[in-house]
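Just so we're clear, the structure is a prediction, and the values are computed from it rather than from any experiment. Lettering of chains follows the sequences in order, A, B, ..., and the numbering in each one begins at 1.
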Amino acid sequence: MHRTYIGQISDKKDGDEVHLFGWVQEVRKLKKLSFIVLRDHTGNIQITIKPENVSTYDEITNVNRESVLSVIGHVSLNSGAKSGVEITAKEVEVLNSSEAPLPLAIFEGIQSDFETRLNNRSLDLREPSHNLIFRIESSLLWGIRKYMHEQGFQEVHTPKIVASATEGGANLFRVKYFERDVFLNQSPQLYKEMLMASGMDKVFEVGPAFRAEEHNTVRHLNEFTSIDIEMSFCDHNEVMKILEESVNSGLRVVFERFGDEVKKINPDLKIQTIPFPRVTYRECIYLLSKEGVEAKFGEDFSPEQLRLIGRHFPGFYFITEWPSEVRAFYTMPKPGDPDVTNSFDLQYGQWELTSGAQRVHDPKMLENRLIEKGLNPEDFNFHLNAFRYGMPPHAGWAIGLERLTMILLNLPNIREVCLFPRDRTRVVP
RNA sequence: GCCCCGAUAGUGUAGCGGCCUAUCAUACGAGCCUGUCGAGCUCGUGACACGGGUCCAAAUCCCGUUCGGGGCGCCA
């Protein structure tokens with residue numbers, strides 16, 4: 001007999017025999033019979049165990065919570081069960097017993113500290129609401145991937161071990177690589193641009209990015225999953241369109257699969273009409289000044305300033321035309337207005353989700369931009385070489401998967417959206 | 001890196017100078033019990049992060065350490 005998932009029992013008829021596998025959520029032991037609530041990742045169900053039917057009765061009814069069981073029994077639709085359906089057990093086997101007591105509270109109406117939960121993450125993830133986050137994240141990513149394939153993007157994988165530590169901006173983790181030191185890549189940026197020179201035209205990558213920054217906030221991780229795209233023969237406007245549509249594609253899959261659950265978690269979430277609003281950096285400064293908050297041109301917005309701006313744009317919106325000072329060397333200056341760039345951030349309220357831009361494709365200009373940023377073009381030869389023999393104009397963006405999931409589900413901490421988060425102090429489990 | 005806050009049974013908490021041989025819930029153990037379903041009832045088990053100080057007296061006040069939380073900064 002094949003395994004039946006608990007979620008499939010609703011399709012069964014009274015008396016159907018099923019073989020279930022799962023974890024013991026609760027044992028209710030009475031004098032003449034016992035009940036076990038069995039759980040798998042699709043739901044839970046009450047199992048009725050009577051001593052006259054089940055030879056392992058004593059062992060089963062004394063089993064610790066969260067032990068793993070195999071249960072063969074038949075579906076009872078008209079039993080006394082409050083939920084309407086239960087399984088009358090015929091054969092029950094303990095596949096593996098759990099130790100007691102458990103190191104954290106699950107299914108007890110007690111919220112353990114997040115630290116306790118992370119220290120016991122596998123157990124913590126048995127809690128359906130915690131588990132759900134990752135099934136939603138997976139669906140979101142699938143929707144984005146699906147859209148990318150539909151648009152003719154090719155999924156690629158670029159190295160995470162890199163030689164250069166001088167890309168500017170974020171700090172990199174140094175690691176041993178045989179007889180020398182190398183670094184964990186902070187982004188696939190340079191590599192995906194090099195692929196534009198290969199003629200691949202449209203690429204995307206989903207992979208880890210590492211940032212050796214000592215930030216200690218609820219929205220930063222030192223290792224996160226970056227969704228990157230790069231596209232040839234286009235400017236920033238075209239990749240913004242791709243971004244809007246891919247986010248909506250991800251959301252559509254989430255709503256198809258988890259619509260009811262998502263509505264409970266974040267009732268405000270909906271699929272937003274395209275195009276998302278666009279506001280320039282300069283307009284944001286003006287908006288802030290009207291509220292009596294001074295923002296200096298050429299500086300990033302502080303969290304407080306972003307909260308104020310976010311109040312004007314409740315859902316997704318783009319902040320465009322960032323000053324060159326706050327954008328990376330490869331960002332294309334705006335023609336005729338070189339103080340700003342052909343760049344954008346996708347925001348959701350106060351939260352920054354994506355950075356993107358049209359890139360510089362002229363090698364001479366790129367070299368000058370490196371020098372302007374105080375970087376040494378020598379260190380970027382491997383990258384500049386790709387620009388010398390016919391680099392097409394191109395643009396792209398990167399979005400943090402955890403950030404996106406976090407803000408869509410309105411979760412208070414990015415670590416909730418990461419299975420095994422890496423932050424300033426945590427590298428275990 | 002800076003600022004603020006915290007650390008009490010397995011878990012989550014109350015207590016914030018003597019009333020603490022420390023509260024409650026849950027868990028765990030033993031028993032009772034009704035087809036139970038947040039099961040119920042009885043009994044039991046189990047904790048003041050570490051080091052120093054103040055005081056007649058410290059879980060409680062002070063100092064330091066460690067660990068943790070939040071905000072800011074940093075952050076292609």
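Separation of the C1' atoms belonging to B:C72 and B:U11 is 32 Å when rounded to the nearest angstrom. For B:U45 and B:A22, the P atoms lie 11 Å apart once the distance is rounded to whole Å. B:A49 and B:A9 have their P atoms separated by 7 Å, given to the nearest Å. Taking atom C1' on both B:A57 and B:G10, the two are 33 Å apart, rounded to the nearest angstrom. Across the C1' atoms, B:C50 and B:A7 are found 11 Å apart, a figure rounded to whole Å. For the C1' atoms, the distance from B:A30 to B:U13 is 26 Å, rounded to whole Å. Separating the P atom of B:G51 from that of B:G40 is a span of 40 Å, rounded to the nearest Å. With P as the reference atom, B:C61 and B:C19 are 16 Å apart, rounded to whole Å.
Near RNA chain B, defined here as any heavy-atom distance below 4.0 Å, the residues from residues 55-67 of chain A are A:Asn64, A:Arg65, listed numerically.
Atom pair A:Ile47:CD1 and B:G35:C1' shows a separation of 15 Å (rounding to whole Å applied). Atom P of nucleotide B:G38 and atom CD of A:Glu26 are separated by 8 Å, given to the nearest angstrom. Summarising the geometry, the separation between CD on A:Gln111 and P on B:U13 is reported as 10 Å, rounded to the nearest angstrom. Distance CD (A:Gln46) to P (B:G35): 13 Å, rounded to an integer number of Å. As a whole-Å value, the separation of A:His220 NE2 from B:G73 P is 9 Å. Put simply, CZ on A:Arg327 is 13 Å from C1' on B:C75, counting in whole angstrom units. The interatomic distance linking A:His215 (NE2) with B:C3 (C1') rounds to 19 Å, in whole Å. Across the protein-nucleic acid pair, A:Ile45 atom CD1 and B:C37 atom C1' stand 12 Å apart, rounded to whole Å.
In the set B:C74, B:C72, B:G35, B:C72 carries the atom at the smallest distance from any side-chain atom of A:Arg307. Here B:G73 is the nucleotide among B:G73, B:C75, B:G70 with the atom lying nearest to any side-chain atom of A:Thr217. With distances taken from any side-chain atom of A:Glu115 to the nucleotides B:G70, B:C75, B:G68, the minimum falls on B:G68. Of the candidate nucleotides B:U36, B:G70, B:C74, B:U36 has the atom nearest to the side chain of A:Arg28. Nearest nucleotide to the A:Ile110 side chain, out of B:C67, B:C74, B:U11: B:U11. You'll find that the side chain of A:Leu30 is closest to B:U36, out of B:G10, B:U36, B:C74. Taking every side-chain heavy atom of A:Ser112 into account, B:G12 is the closest of B:U36, B:G12, B:C28. Side-chain proximity of A:Pro101 to the nucleotides B:A27, B:G12, B:G68 is greatest for B:A27. Of the candidate nucleotides B:C74, B:U13, B:U11, B:U13 has the atom nearest to the side chain of A:Asp113. Between B:U11, B:C74, B:G68, one nucleotide has an atom nearer to the side chain of A:Thr425 than all others, and that is B:G68.
Here B:G44 sits opposite B:C28 as a Watson-Crick or G-U wobble pair (both hydrogen-bonding atom distances under 3.5 Å). Across all strands shown, B:C19 remains unpaired; no Watson-Crick or G-U wobble contact has both distances below 3.5 Å. Across all strands shown, B:C33 forms no Watson-Crick or G-U wobble pair with both distances under 3.5 Å. Nucleotide B:G38 is matched to nothing when pairs are restricted to Watson-Crick or G-U wobble geometry with both distances under 3.5 angstrom. Pair assignment for B:C74: none, as no Watson-Crick or G-U wobble contacts are both less than 3.5 Å. As the counterpart of B:G68, B:C5 is assigned, both hydrogen-bonding distances of the Watson-Crick or G-U wobble pattern falling under 3.5 Å.
Between the CD atom of A:Glu416 and the CG atom of A:Leu118 there is a distance of 7.5 Å, given to the nearest 0.5 Å.
The base of B:G35 is paired with the side chain of A:Glu86 by a donor and an acceptor separated by under 3.5 Å. Side-chain atoms of A:Lys29 stay outside donor-acceptor range of the base of B:G31, with no qualifying N/O pair under 3.5 Å.
Residue-level contact check: A:Val37 touches neither bases nor backbone, having no heavy atom under 4.0 Å from any strand. Using a 4.0 Å heavy-atom distance criterion, A:Ala328 is classed as a base contact. Using a 4.0 Å heavy-atom distance criterion, A:Tyr330 is classed as a base contact.
With respect to the salt-bridge test (charged N to carboxylate O, under 4.0 angstrom), the residues A:Glu205 and A:Lys192 do not qualify. Under the 4.0 Å criterion applied to side-chain N and carboxylate O atoms, A:Lys241 and A:Glu244 are not assigned as salt-bridge partners. Using a cut-off of 4.0 Å between Lys/Arg side-chain N and Asp/Glu carboxylate O, A:Glu17 and A:Lys90 are scored as salt-bridged. With respect to A:Asp362 and A:Arg369, no salt bridge is recorded, no charged nitrogen being found less than 4.0 Å from a carboxylate O. Ion pairing between a basic and an acidic side chain is recognised when a charged N comes within 4.0 Å of a carboxylate O; A:Arg422 and A:Glu402 show no such pairing.
Taking the six-membered ring where the residue is Trp, A:Tyr5 and A:His41 present perpendicular rings, their angle passing 60° and hence far from 30°.
No hydrogens or angles considered: a donor-acceptor pair under 3.5 Å links the side chains of A:Gln46 and A:Arg28.
Checked against the 6.0 Å centroid threshold, A:Phe297 and A:Tyr281 count as a close aromatic pair. Taking the six-membered ring wherever Trp is involved, the centroid distance between the rings of A:Phe387 and A:His383 falls below 6.0 Å.
For the pair A:Pro303 and A:Gln350, the minimum side-chain heavy-atom distance is 4.5 Å or more.
Here A:Asn413 reaches the OP1 or OP2 of B:G70: one of its side-chain N or O atoms lies under 4.0 Å away.
If A:Phe35 and A:Arg219 are placed on RNA chain B by their nearest nucleotide, the residue sitting closer to the 5' end is A:Phe35.
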